[in-house]
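First the structure, which I've put down as structure tokens, then a few questions once you've had a look.
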Amino acid sequence: MLIRHVISHYKINYFWRQSIRFNSKVPTTPIPTLEKQDHSKVTIDNNTISLLERLSLVKCDTAEGVKALEDSIAFANKVLHINTDNVEPLYSVLENENLSLRPDIITQGNCQKDILKNAAVTEDDYFVAPPGNIPLHEVELEETEHHQQKNEN
Amino acid sequence: MNKLSSLTIKQIHQAYRDKLLTPTSFIDQCIEKTKQTKHLNAFVTVTEEIAENHGMESEKRLYKDKKMKALDGISVGVKDNFCTKDVPTTCGSNMLRGFRPAYDATAVARLRGAGACLLGKCNLDEFAMGSGTVDSIFGPTRNPWGYDEQDWRITGGSSGGSAAAVAAGAVAAALGSDTGGSTRNPAAYCGLVGLKPTYGLVSRYGLIPLVNSMDVPGILTRTVEDAAIVLNCIAGPDDLDSTTIKKEFKPVSIKEDFDLSNIRIGIPKEYYCEGMSEEVVDTWRKVADLLENEKAQMRSVSMPHTSISIAVYSILNQCEVASNMARYDGLQYGLRTDKDYSTEELYASSRSQGFNNVVRSRIFTGNYFLLARNYEKYFMKALKLRRLVSDDFAKVFDKDTGVDILLTPTTLSDAPLYSEFCSLHNRDQCARQDYCTQAANLAGAPAVALPAALSRRRLPLSLQLTAPPLAEDLLLNVARQIERLVNFPSATASQTLEKLNISASTLPSASRGLLARLAAAARGASPGPLGPPPDPAGLALRRAAATAQALDDDYQILTLQHKIKEVQLKINRNAKFISSLTSTLSEARGGAGAGVAGGAGGAVERLAADLRAHRHKLTAYKDSADKAKNKYSALEVPGELEPGVLREGCARAAAAAAAAARWARAAEDKECTRRLRQQTLKLQLS
């Protein structure tokens, strides 16, 4: 039926019926990477690990965690050989845009309840923290012992 | 209909106007859909009550105020790293389990301002760190394409929940976030359009930060036009985010007849990397050929630093993560353990419990790169390399010597199986998954992933377009043309209606019933991509699809027949008018004859005026008859089906016109005679 023909014509998926010319600008083989294929192993010493733990305030002392760190460093090392002499660092892609700050006018307030509502522990109108100014000594000591044990094993 | 689920925003709005659908009933269906697709794990929180309220508000605006906002009654999902007032916002992490923000993110607030109905918060990799949506405390999200309970495919990530929700038809659009490809990657694996706007075009206020210098809110929809509609609602300067571009945002407008012949499209050869599947490269070639057929100017271009960008991205990502994650200390919000020996101990234990190993490892590595002794070697080096990558874009988009837009693949393959994906570590996976996508983030350029074809496994394959910063209009218009050329989503009934310029409300009730059934069938059936028929459910779906197809055809025939009737009605009306006109003319003729015979000049003048008026009316009616005929012929109905009445009508119109001309001439003659007679009289008198 003719009307049917009109409809089906409208629906034909041209994509796969088109003859494929393949003379396009897409390359025929993968383009080699500029990354340096260096397989030398990166190892991080225990002091660095405990320094990072203190800075990061997270534990990452498992063998798996250390390996992930070492792998990430090895991955980063692949591009350090690229020459960047006289190249300025790019901090923000909007470096040429005129970004403005809003006027220093109070636009919000009376939201004490909102601000406190997500804190696990509050007292009166305050957030509550344990005693400060105590470095993460004990944790660090435990870590060191743990690492030594691991090394002895 | 080889696409999971259903209607575009325009179609939904048309259905609202035609009263085939109401916002509340549509939202109910969406909620129902989230329940039916619970196994996909697309949502972290389904905000059923909120969605219903929003739907009611839309309905009120629509039927009481008779006004409809751009997204009224449109269901949306929001990735769970956007703050939503009083709705849990977890980032897929134990750290923020139960966190309820006191405010809405700007992108969310603008969606709401445009009338969108919030259906829920979507799953993601913890703190958006990943490319599979497998690392969430709520479990992995499953891809609706090629779904099999035993061995399902990942959605990609990190906005996988948003993608699954749109692909499954639970929402019409969803917000994702895009730091290195987190919107485009899941869009590619789920057969959707995934838009990453220019950095700074859409406000990040309330988007929980991952990498401040690269994060952008992303948009996931089923069509390019929908993405443009959502973008127009959320883009533009925001006082609450100092990194939004302060220029006024010019809304994107999609032109169906966009001319590709002036567009220079670049194929950056470095995007063909080791490990890219043959199918992806073939699709890339086919679409490049299609564009060349459309007279677009295709050029091979080089962006030499593409292959190192992924490592640069990885360094910068981890450095900024280390800094950004410092805010989670368990005091003001978030998980707090009961260690209370010291503040630092509380911090360390809360953070170790709250973060998964991927997040912890990125913080750790970031801090390593930021150590005083490594700062220059890694962090500054990466920033300099970032400029090289960004300069590649600037050069390739040069106004005189460059191209207007880049065409590349989005991912290296179709969606991997969950088991395959998990065999690699998170960072290795990200290096593989984000290869084609993250460079646009380093340069801040807008990019869109769009489905181009189905792979041999009947899974979506996707291509990516990248444009210069703030060229969203060009980007989406070219994307629309590709969408049209590859015809990934097939035409639906309402598109056909739109094409025929018919409003569904004029249809006979039987057709309307059919349309409703069709819509229901389309929503219920997810036919195309279900692979070889493995189970009764698959077969049932196929049958449903076939029924829907048959209904679709029948329905379209009905609409055509109805249109014919409508046109005939108009023609009859015209014919009636023409005959009344003829009778008036003959009366006038009688009057004029008498007038001339009586020598009364006034009658002739009246006759001339009458004639002018009739001639005017006649031209108007001829025009409308022509229009009707044109409209009719635009339907592409062959000549033999053209109703005789139309031809008759036209013939009669022509005859009437001839008669009118004849009478005009007669009137002029008479007028002339009268003047001559008067002159003769004057002469005789003188």
Side-chain angles (χ1 to χ4, degrees), chain A residues 2-3 6-7 10-11 13-15 20-22 24-27 30-31 33-35 52 55-60 65 68-69 71-73 75-76 78-80 82 84 87-94 97-102 111 114 118-121 127 129-132 134-136 139, chain B residues 99 102 199-200 213 239 242-243 245-246 267 269-270 272-274 284-286 288-289 298 300 307-308 311-312 314-315 331-333 336 340 342-348 351-352 360-361 363-365 367-368 378 380-381 383-387 390 427 444 486-487 490-491 556-557 560 636 638:
Chain A
L2 274 159
I3 298 173
V6 172
I7 296 160
Y10 171 50
K11 282 188 171 175
N13 188 334
Y14 287 101
F15 188 79
I20 296 151
R21 290 181 296 147
F22 275 7
S24 64
K25 310 292 184 287
V26 178
I31 304 298
T33 169
L34 293 181
E35 287 175 351
L52 288 176
L55 290 172
S56 308
L57 291 171
V58 293
K59 296 195 182 84
C60 206
L69 172 67
D71 283 352
S72 296
I73 296 167
F75 187 62
K78 288 179 175 180
V79 295
L80 298 182
I82 306 282
T84 52
V87 178
E88 286 296 309
L90 178 65
Y91 292 98
S92 163
V93 292
L94 301 180
E97 288 288 332
N98 218 348
L99 300 181
S100 56
L101 298 171
R102 68 191 153 112
C111 47
D114 279 345
N118 279 303
V121 185
F127 296 118
I134 306 172
L136 204 59
V139 182
Chain B
F99 172 64
Y199 179 82
S213 73
D239 278 346
S242 64
T243 58
I245 296 168
K246 299 299 173 232
I267 306 279
K269 58 180 184 192
E270 287 83 1
Y272 188 1
C273 65
E274 288 292 346
W284 193 9
R285 287 188 185 123
K286 277 174 201 160
D289 279 356
M298 306 302 292
S300 174
S307 59
I308 58 153
V312 176
S314 162
I315 297 173
L331 290 185
Q332 290 144 296
Y333 49 83
R336 176 176 178 143
D340 57 0
S342 74
T343 310
E344 291 211 358
E345 204 194 317
L346 172 70
Y347 286 175
R351 289 159 62 80
S352 295
R360 287 204 307 271
S361 151
I363 296 174
F364 224 63
T365 317
N367 277 325
Y368 176 82
Y378 290 103
M380 291 309 276
K381 181 81 184 180
L383 287 176
K384 289 174 183 174
L385 290 169
R386 182 177 184 183
R387 183 174 297 279
S390 164
R427 199 194 44 72
V486 300
N487 202 13
S490 77
Q556 284 173 38
I557 289 163
L560 281 173
E636 295 182 0

*asked:* Does B:E274 form a side chain to side chain contact (heavy atoms under 4.5 Å, CB included) with A:T33? I'd like the steps, not just the answer.
replied: CA-CA 8 Å; B:E274 288 292 346; A:T33 169; over 6 Å; no

*Mind ranking A:V121, A:V58, A:D114 by heavy-atom pairs under 4.5 Å with chain B and telling me who comes out on top?*
A:V58

*Could you give the distance from OG1 (A:T84) to CZ (B:R387), rounded to the nearest 0.5 Å?*
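If we round to the nearest 0.5 Å, A:T84:OG1 and B:R387:CZ are 12.0 Å apart.
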
*asked:* If I compare all heavy atoms of A:K25 with all of B:M298, which pair ends up nearest, and what's the gap?
replied: CE-O, 3.4 Å

*If you measure from CG on B:L331 to CG on A:N118, what distance do you get to the nearest 0.5 Å?*
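With rounding to 0.5 Å, CG (B:L331) is 13.0 Å from CG (A:N118).
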
*chain B contact via A:E97 - side chain, backbone, both or neither, heavy atoms under 4.5 Å*: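 The answer is the side chain of A:E97.
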
*Specify which of B:M380, B:R336, B:R360 makes the most heavy-atom pairs with chain A at under 4.5 Å.*
B:R336

*Interatomic distance, B:Y368 atom OH to A:L69 atom CG [nearest 0.5 angstrom]*: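 B:Y368 OH to A:L69 CG: 7.5 Å, rounded to 0.5 Å.
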
*Verdict with supporting geometry, B:S242 and A:L99, side chain to side chain contact (heavy atoms under 4.5 Å, CB included)*: CA-CA 7 Å; B:S242 64; A:L99 300 181; 5.9 Å; no

*asked:* I'd like to check A:N98 versus B:K246 (side-chain heavy atoms, cut-off strictly below 4.5 Å). Are they in contact?
replied: no

*Provide the closest heavy-atom pair for A:Y91 versus B:R386 in the form atom of the first, atom of the second, distance.*
O-NH1, 3.9 Å

*Tell me, do B:E344 and A:L57 make a side-chain contact under 4.5 Å, heavy atoms counted?*
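Touching, per the 4.5 Å side-chain cut-off.
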
*Please report the shortest heavy-atom distance between B:D340 and A:P130, naming the atom on each side.*
O-CB, 3.5 Å

*Of all heavy-atom pairs between A:S56 and B:R351, which one has the smallest distance, and what is that distance?*
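Scanning both residues completely, I find the closest heavy atoms to be O-NH2, 2.9 Å.
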
*asked:* Would you compute the distance between atom CD1 of A:I82 and atom CD1 of B:I308 and round it to the nearest 0.5 angstrom?
replied: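 Interatomic distance, A:I82 CD1 to B:I308 CD1, rounded to 0.5 Å: 4.5 Å.
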
*Counting distance only, does the side-chain N/O of B:S352 pair as donor-acceptor with the main-chain N or O of A:K59 below 3.5 Å?*
yes

_To check you understand the geometry: which heavy-atom pair defines the closest contact between A:L52 and B:N367, and what is its length?_
CD2-C, 3.6 Å

*Taking A:S100, A:G132, A:A129 one by one, which has the highest count of heavy-atom pairs under 4.5 Å against chain B?*
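Most pairs with chain B among the choices: A:S100.
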
*Contacting moiety of A:F75, where chain B heavy atoms sit under 4.5 Å*: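 Both backbone and side chain of A:F75 come within 4.5 Å of chain B.
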
_chain A contact via B:L346 - side chain, backbone, both or neither, heavy atoms under 4.5 Å_ = side chain

_For the interface with chain A, which of B:S342, B:S314, B:A102, B:G444 has the highest count of heavy-atom pairs at distances below 4.5 Å?_
B:S342

*asked:* Given heavy-atom pairs under 4.5 angstrom as the criterion, report whether the side chain, backbone, both or neither of A:L55 touches chain B.
replied: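 Answer is both: backbone and side chain atoms of A:L55 are under 4.5 Å from chain B.
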
*Are side-chain heavy atoms of B:Y378 and A:L80 found at a separation under 4.5 Å?*
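They are in side-chain contact.
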
_Most chain B-contacting option - heavy-atom pairs closer than 4.5 Å, from A:S92, A:A120, A:P89, A:A119_ =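 Most heavy-atom pairs within the cutoff with chain B belong to A:P89.
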
